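Values in this document were obtained by computation on a predicted structure and should not be read as measured data. Computation of the quantities below employed the complete heavy-atom set of this structure, encompassing side-chain atoms and omitting hydrogens, waters and symmetry-equivalent molecules. Order of appearance sets the numbers: ligands from 1, and atoms from 1 within every ligand.
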Amino acid sequence: MTFCVFFVKKCYLCGRNTENRMMEQLLKNLNDRQQEAVQATEGRVRIIAGAGSGKTRVIAHRYAYLVNVLGVDPGNILCMTFTNKAAQEMKQRISRLIDPGYINDYVCTIHGFCVKFLRKEIHRLGFPKTFTILDDDDKKAMVKRVMEAMGIDRKQSTVKKHLDIIGRTKGALRTDYVGSLMLPNSTEKPTAEHLFFYNYVQEQLRLFAVDFDDLVYFTLYILHHFSEVREKWQSELNYLQIDEVQDCDADEWELFTILSGGLGNLCVVGDPDQAIYEWRGSKPQLFVDFESDTDIILNQNYRSTPDILDVANAIIDHNRDRVPKELFTQRPKAVRVVHYHAENDVEECKWISETIAKAVKKGKGAYGEIAILFRAAYLSRGVEQEFIKNGIPYSVWGGIRFFERKEIKDALSYLRLIANPNDDLAFLRVCNVPSRKFGKKSLEWLAMLAANADTPASLYEALLASISMPELRRTKMAEFVRVIEDGRALIAKGCGIGSTLDQVLTNSGLKDEYRNDEDEERLENITELLHSIKDYEDSHRLGDEVATLDDYLQDIALYTNADYRSDDDSVRLMTIHQAKGLEFPYVFVMGLNEGIFPSHRAIRERLKPAEEEERRLMYVAVTRAERELILTESEGFSAANQCGKYPSRFLMEIPSDLVEVKGRMRPYLYEETQNMVNYLNEELGIEGTVYYKEEPKKEADDGEIRAGDIVEHPVFGRGLVDKVKENGSCEVEFTSGRRTLLPRVLTKVG
Ligand code: ATP
Ligand code: MG
């Protein structure tokens, strides 16, 4: 049912009422089904649609329709979505449609709403309005503190396990723990297995701190236990609309149900094919089972070209656990989707960087129109280096630049201190990483020793000279000195930089710390750093001559001290999870290798459902692209997975006629992918898919050398042909530098 009410005001010029004109204005840029969705304001409404079909657009227009046409006060509309970026995007879209000043704070993420709610209501539970919100790092630090206080050995049981206990227990008790354990006057004593949990929440209570799970549970608790609060919010929030609802969990659904309990106007919008958070407890089935008064299905995609859409549809069609959807587009056919295959990851990143530089130079697009998406954060390292080298501005969305990540800075500081004991900054960064009980006072004492030495010494030198002093006995600084001195000895003996760093990270206890914390992301980043150092050493070896640690540190300073320009016109780098709901004219999906994407770790943990979730993630990645989609992967060795790299099964799921293959793709590579898939399926006992992929069409090999070919030179080795000049000579990028050579001295490889 739709109501268009209160048409009272008239336009002085044409005599038509202004609401009518506003409605026409609003609806004219929507198709029939979208218009229907916008006007279906009352009752329980469900909008199901594939990617890029205008779900978010409908929500924004619906909001404007409520305000501009129905005259609803924005303070009575709660509009929620999943990520901060998506909420920002939603706010921007709404602000273009309604009068400035009208948009209110209730266009936000679900957690954002809970914070607003709790700032107003948490005093009812004895918490101050200024309660603290714990982020993931704060939570970890608290878990460590409680483990220490309870004498739990971190070698026996990891921080991650204890974090899981907290999450699991809160999830199991739901709002029960709030009343019985977390309120200032709560008295209930915990059962034995809840002892750790009890101590943790007491610590939270001491700090008046809540974590992300608590935000929802506290809100639910108040809504359940204080009827006057519940009624107040229900009467205030007349219209609820939730975007990306396929990723909400049962608690969030409960929140929507309670909050919409006044007038009962709840509009949920989502796409089951884009459910990518089941690993974190989201329940897309609740969206499928939602009992609605009105169902609207949108099936026209406005975002992508037909080529991109065909690729997306072909991939998602391989999921068995789904309701098929017909998604079409009327956009004209444009360029084909590209699959670029490289011989190694350096070449993959170089190609991405060069392709972008060339396109922008030709005026084909701007940096800000390009996004690089990847499955895991560590994969950004290679492109970041290429971008910095070539002066391509970029920003990492929802994350930190590779060389600014804590574990990378720490690892490089160890190397700096090994190379140069006078590097006080490196010393200060790592002397207590991991903790060696060398506090502020001890540091002041050391600084005094250093300053008063006969010849002023650095902090490390002062420490080395005084290592047997009683002041240091209770600290672990002797171990630290041993780590650095052993590292120096290894370098002096000619041991490689990567192997030395690996040893240092092990001896320092840092690797163990990450392992004990089950901090996969830090471990992956460290593995990636070690892998990149090995590459550096390989490419800087000239006969018996090898790169020194000083060479490496000097070269890497280019990246660690890069003067970043990061404005709106910069290439966006982000994980696919961060890209949800967003769109970009040009999209690169990189690192498309079996094991990396789909992640074999995820499949090992959650079997077939994980494979399907990974495929939905691929669908999300592909459907971010508006004009051009470029899929890249490379051969070589995956340090993160400790195995060879072969193209992802998702590439095999794309019919050959939908992609243009660039680079030297050899047919046996897909065979290897199939072997890997079969092997994993057999090992895990999951039913597999046998792919049929036509061999990539061989380019007619007339022996002529073209740009993009890999060539071999008798002296300079392998290189990538960047350009063939008019006079026939080739510009080739070798690891030792760029050279222009006659084609007769080059042999095509592959
Ligand atoms: P996702 O599933 O990725 O979240 P979505 O269904 O929310 O996608 P939108 O982001 O709302 O899709 O829309 C995709 C693109 O298509 C946007 O640029 C939007 O402005 C445009 N679009 C949607 N509907 C129309 C329409 N009727 N006319 C013109 N453009 C449209
Ligand atoms: Mg959307």
- Would you call the rings of F588 and W351 parallel, tilted or perpendicular, where under 30° means parallel and over 60° means perpendicular? perpendicular
- Query: Taking the side chain from R33 and the backbone from L298, do they hold a donor-acceptor pair closer than 3.5 Å?
  - Reply: no
- Query: Taking both backbone and side chain into account, is any N, O or S atom of T56 nearer than 2.8 Å to the Mg ion (ligand 2)?
  - Reply: yes
- Message: On a heavy-atom basis, which atom in C108 and which in A87 lie closest, and how many Å separate them?
- Response: C-CB, 4.0 Å
- Task: For residues G52 and K55, report the shortest heavy-atom separation together with the two atoms involved.
- Result: N-NZ, 4.4 Å
- Item | Between CD on residue E605 and NE2 on residue H600, distance to nearest 0.5 Å | 13.0 Å
- Message: Residues around ligand 1, heavy atom under 4.0 Å from any ligand atom, sorted by chain and number. Can you pull those?
- Response: N29, L30, N31, Q34, G50, A51, G52, S53, G54, K55, T56, R57, R93, E244, Q274, Y302, R303, G581, E583, R624
- Message: Over 60° means perpendicular and under 30° means parallel, so tell me whether F113 and F117 are parallel, tilted or perpendicular.
- Response: tilted
